[in-house]
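Here the structure is laid out as C-alpha cells; the discussion comes afterwards.
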Amino acid sequence: MTDEAMSPLRRRMIEDMTIRKLAPKTQQGYVRTIKSFAVFLGRSPDTASFEDVRRFQLYLAANGADTPTPNHTVSALRFFFRVTLKRYAIVEHTTFIHEPRKLPVVLSPEEVARLLNAAPGLKYKAALSVAYGAGLRAAEIVSLTVSDVDSKRMVIRVEQGKGHKDRNVMLSASLLELLRAWWRAARPQGWLFPGRDPAQPMTTRQLNRACHAAAEAAGIEKNVSPHTLRHSFATHLLEQNVDVRVIQVLLGHAKLDSTALYTRVATKTIQQVMSPLEHIALKLRELRPPG
C-alpha cells in the first residue's frame with residue numbers, strides 16, 4: 001500500500017511499532033491482524049467495543065484456528081488498543097491461550113551427518129551446518145554477513161537476534177573450513193548466503209525447502225526443519241555434559257527454562273542415570289521364590 005493510500009490510523013500504528021523497534025515481520029503480522037479485524041467488523045477498527053473483540057476471538061476459535069493464531073491476534077489487538085488508541089479497558093479482558101509444550105524433534109548425530117551430506121549444494125550444506133554447528137535460528141542464518149565470521153577469535157557474531165540482542169556463538173574448525181570452501185566457490189561480498197538476487201540474502205523459505213529436500217534425500221522420516229538442527233545442537237551439547245547455562249547463552253535464550261527443555265530429550269544423559277530399581281536388583285533376586 002502506498003503512503004498516499006494508507007489510512008491515518010494504519011500509519012499511526014506503523015509509526016508506533018517503528019518507535020518501539022518491532023521487527024518487520026511482527027509489524028506486518030500486526031497490520032494484517034487489524035486489517036482482518038476491520039473486515040470482520042465491517043467498519044473502522046477504532047470504533048470497536050469489547051464485545052466486538054470478544055466476538056472476533058470467538059470467530060477465530062470457531063473456525064479452528066490453532067493456538068499461535070489466537071495468541072498472535074491478542075498481541076496485535078493489545079498493541080493496537082493499548083498503544084495506538086490508548087483504550088486500556090478493552091485489552092484488560094483479552095487473555096492468551098496456554099499452548100501445550102511439546103518435546104522438540106531431535107536428530108541423532110548420524111542422522112545430522114546424513115542430512116548435511118544430502119544438502120542440495122554447497123551453499124545449503126554450509127547454511128544448514130551453521131544451524132547445527134552454532135545453534136542459530138533460520139532468520140539468524142540468512143541475516144549473516146561475511147564479516148560476521150571472525151576466524152581470529154573463532155566466533156560468529158549474531159547481530160540483533162531474537163529479542164534484538166547481539167551475541168557471539170562458537171565457530172568450530174570444521175565449520176570454518178566448510179564456510180571457507182563456500183566462500184572460495186561463490187565469493188559472496190555482503191550476505192554470507194545471498195539469494196537469487198546477490199544484493200538480497202537467502203530467504204528462510206529457501207532454507208526450509210533445502211532442509212526438507214535434504215531430509216527426504218537422506219531418508220529421514222522425522223518432521224525436520226532448520227530449527228530441528230538447532231534443537232539437535234543444544235541436545236547433543238547437553239549430552240556432552242556442557243553446562244546448561246552455557247548452552248543458554250549460545251542459544252540466546254532469555255530464560256533458563258527454555259534451555260532446560262532439552263534435558264527432557266537428551267537420551268544419553270537420561271541413560272547415564274541409574275534407576276533406583278538397579279540398587280535393589282540384587283535384593284529382588286534374593287527374594288525370588290525357589291523354583
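Worth saying up front: this structure is predicted, and the values here are computed from it rather than measured.
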Please determine whether side-chain contact (heavy atoms from CB on, under 4.5 Å) holds for the pair Met154 and Met170, giving the CA-CA distance in whole Å, both sets of side-chain angles, and the decisive distance to 0.1 Å. CA-CA 7 Å; Met154 293 302 287; Met170 65 177 68; over 6 Å; no
Do Leu237 and Leu250 pass the side-chain contact (heavy atoms from CB on, under 4.5 Å) test, and can you show the C-alpha distance, the side-chain angles, and the key distance before you say yes or no? CA-CA 11 Å; Leu237 283 182; Leu250 292 173; 4.0 Å; yes
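Rounding to the nearest 0.5 Å gives a distance of 7.5 Å between CE of Met17 and OG1 of Thr84. Between Ile156 atom CD1 and Leu171 atom CG the span is 5.0 Å, to the nearest 0.5 Å. Taking CG of Leu192 as the reference point, atom CE of Met202 lies at 8.5 Å (rounded to 0.5 Å). Between atom CZ of residue Arg196 and atom CD of residue Gln206 there is a gap of 4.5 Å, rounded to the nearest 0.5 Å.
Ser232 contributes a side-chain N or O that, together with a main-chain N or O of Leu107, makes up a donor-acceptor pair within less than 3.5 Å. Here the side chain of Ser108 pairs a donor or acceptor atom with the backbone of Glu111 at under 3.5 angstrom. A donor-acceptor pair under 3.5 Å is absent between the side-chain atoms of Asn117 and the main chain of Arg114, judged by distance alone. Arg157 places no side-chain N or O within donor-acceptor distance of the main-chain N or O of Asn168, the cut-off being under 3.5 Å. Judged by distance alone, with hydrogens and angles left aside, the side-chain atoms of Trp191 form a donor-acceptor pair with the main-chain N or O of Ala199 at under 3.5 Å. Under a 3.5 Å cut-off, the side chain of Arg12 and the backbone N or O of Leu85 do not form any donor-acceptor pair. Using modelled atom types, one side-chain atom of Arg87 and one backbone atom of Asp46 make a donor-acceptor pair closer than 3.5 Å.
The environment of Lys86 atom NZ is dense: over 12 non-hydrogen atoms of other residues, nucleotides or ligands sit within 6.0 angstrom. Residue Asp243 qualifies as enclosed at atom CG: its count of foreign heavy atoms under 6.0 Å is above 12.
The side-chain heavy atoms of Lys222 and Thr228, taken from C-beta on, include no pair separated by under 4.5 Å. Between Lys123 and Pro188, every side-chain heavy-atom pair lies at or beyond the 4.5 Å cut-off. No side-chain heavy atom of Gln248 sits less than 4.5 Å from a side-chain heavy atom of Val244.
Between Tyr124 and Ala210, the closest heavy-atom pair is CD2-CB, 3.3 Å. Closest of all the heavy-atom pairs between Leu77 and Phe37 is CD2-CD2, 3.9 Å. For the pair Ala215 and Val224, the tightest heavy-atom approach, listed with the atom from each and the gap, is CB-CB, 4.1 Å. Closest approach of Lys125 to Leu116, counting heavy atoms only: CG-O, 3.4 Å. The shortest non-hydrogen separation linking Tyr30 to Ala76 is CD1-CB, 3.7 Å. Listed here is the closest heavy atom pair of Arg20 and Phe79: CD-CE1, 3.7 Å.
Ring-plane geometry between Phe56 and Tyr59 is classed as parallel, the angle between the planes falling under 30 degrees on a 0 to 90 degree scale with a further cut at 60.
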